[in-house]
Amino acid sequence: MYNVADLRKGLKVEIDGAPWTVTEFEFCKPGKGQALYKCKLKNLITGATMDRTYRSSDKGIEKADLEEREMYYSYKEGDLYVFSDAETYEELRVSTETLGKQKYFLIEESLCKILLFNGKPVEVTLPVFIEKKVTETEPGARGDTATNVMKPAKIDNGYEFAVPLFINQGDIIKIDTRTGDYVERVSKA
Amino acid sequence: MSKGLVKPDDLIRLESIKSNLIQRSEIIRELRNSFFSRGFIETDTPVLVRAPAPEDYINAPSAGDFFLRSSPELHMKRVAAAGYDKIFQISPCFRAGEVGKLHNVEFTMLEWYETGKTYIGLMRFLKGLLLEIVTKVKGTSKVQFKNSKIDFAGEWKVFTVKEAFLKFAGVTPEEAIAKNEFEILLTEKVEPNLPKDSPVILKDYPSSMAALSKINENDSTAERWELYLGGIEIANAYSELTDYNEQKKRFEKAHKKREENKLPAYPDDKDFFKCLEYGIEPFAGCALGVDRLVMVLANADTIRSVNFFTEF
């Protein structure tokens, strides 16, 4: 349990069963009155934001039981993605829902960070860049090296994104896993 | 000389707020001059105290066997009781846990007491004082602060707390207190909507919100006001409570409330109570946050940008 006076930017708390982090914080106090702790909070699972003002007379705030573990992605098992602990090899299953778009960027044996809330995985952070082979894209015009004109492309798992015209099927390209966007070509087919 | 080293952040900060700090020095000089020219003497009361005034929500940082004073109030009142009828003090005060745009654990307070005055007389006194300071330091009576110009020469706008709550928050102060929403409504509804083109006074606080103020017998509000400049609370004044029994009762209540709220216990200031028991002439006093006054006059955003050094 945190005291209201412990509130500060970056503190992770549990409100109504969900983990929230304080993104903005303002201390405010009318001279003789009780202090107000005005917080902007972000839900660590849904990304939703809200404003909350706490008073010195309020009871404390629950600490969010959060743990970050470094785990390797191992394999897919039905709708679940199996990760194993970097040190203990203990396995952990993450749902498609939790992974969202990230599921397209999982590469076997890549080291990921998994955020656990009350022991359950709520967020997976992948390596920022991954390399993938383009499995499907229309041929670009020969010699066209413009980077500002884009065309659709796919990778082996069906993820569709935009690449510059000069990218060909079979090229290895780099993707930013935070945005899902093309970054650069690594090697030609 | 630089010797090719990277300039430390601290130097960059001090350079960037130099004009604020020069104004700070001028304002403090003019405040002292104005008090001296009005026949006041400056007191030097202890920074280390054994018995801070027990306020519901003010905490004095502890320092060994002592506390750092949260205000010079009880000591200055003892001086006033001895017949020093015009006293002031500009000095550091300390409040544990108070850090924000308008707060720093250590801050500079101007506090003064005048025998024979009431809180209303003090309001007139402060009006003349501020007009004098502003004119001397700024060369004009109108001061740009954020998006408005505060005119120190014109009429001050005065609201009772009740009027302000009804007008801006739609409830009476008593209703707000009953729901534990007084501070939230004050900071979110009342303060942002106060006029910004003149100094503003909120007066006659609910009697529960002034541990050391006289209570008006007619409407049982506290004879207390607060000065606002640009929506920021600057000063707090009381017709001082001189009734020994009443003060004893209020401190007992405050000690109890502090205990309920698990706040550090303070011993009673026995000498202060001996003075009250012996008898003090009616008097009034005011405490003004010097850093915040400098913020307004220098049109600065935070208390940090008007202080040479702050901890956070």
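Chain letters run A, B, ... following the sequence lines, proteins first, then strands; residues in each count from 1. This is a predicted model, so every value here is computed, not measured.
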Within the supplied structure, the quantity of interest is the number of heavy atoms (other residues, nucleotides, ligands) at a distance under 6.0 Å from B/Asp301 CG; does it exceed 12?
no
Surrounding CG of B/Asp9 (heavy atoms of other residues, nucleotides or ligands, distance under 6.0 Å), is the total greater than 12?
no
Non-hydrogen atoms of B/His103 and A/Cys28 that approach each other most closely:
CE1-C, 4.3 Å
More than 12 heavy atoms of other residues, nucleotides or ligands under 6.0 Å from NZ of B/Lys248: is that the case?
yes
Please indicate whether B/Lys162 has more than 12 foreign heavy atoms, meaning atoms of other residues, nucleotides or ligands, lying under 6.0 Å from its NZ.
no
Is the NZ atom of A/Lys151 crowded by more than 12 outside heavy atoms at less than 6.0 Å?
yes
Taking it one step at a time, do B/Asp56 and A/Gln34 satisfy side chain to side chain contact (heavy atoms under 4.5 Å, CB included)?
CA-CA 8 Å; B/Asp56 293 352; A/Gln34 56 180 323; over 6 Å; no
Regarding B/Asn180 and A/Ser57, do their side chains bring together a donor and an acceptor under 3.5 Å, going by distance alone?
yes
Just to be sure I understand the criterion: a residue of residues 63-97 of chain A counts if one of its heavy atoms is under 4.5 Å from a heavy atom of chain B. Which ones qualify?
none
What heavy-atom pair brings B/Asn236 and A/Lys32 nearest, and what distance separates the two atoms?
ND2-CE, 3.4 Å
Compare every heavy atom of B/Glu233 with every heavy atom of A/Pro30, then report the nearest pair and how far apart it is.
CA-OE1, 3.4 Å
Residue set satisfying side-chain hydrogen bond (donor to acceptor under 3.5 Å, both in side chains) with B/Thr108, at least two apart, ordered chain then number -> B/Arg24
Let me know if B/Leu102 has heavy atoms under 4.5 Å from chain A in its side chain, its backbone, both or neither.
neither
Between CD on residue B/Glu98 and NZ on residue A/Lys29, distance to nearest 0.5 Å
4.0 Å
Kindly check if the number of other-residue, nucleotide or ligand heavy atoms within 6.0 Å of CG (B/Asn147) is above 12?
no
Does atom NZ of B/Lys157 have more than 12 heavy-atom neighbours, drawn from other residues, nucleotides or ligands, at distances under 6.0 Å?
yes
For B/Tyr57 against A/Gly33, the heavy-atom pair lying closest together:
CB-O, 3.2 Å
Ignoring hydrogens, what is the shortest heavy-atom contact between B/Gly100 and A/Phe27? Give both atom names and the distance.
CA-CB, 4.1 Å
Return the CG to OG1 distance between A/Leu36 and B/Thr187, rounded to the nearest 0.5 Å.
4.5 Å
Could you check whether A/Lys38 pairs with B/Glu188 (Lys NZ or Arg NE/NH1/NH2 to Asp/Glu carboxylate O, under 4.0 Å)?
yes
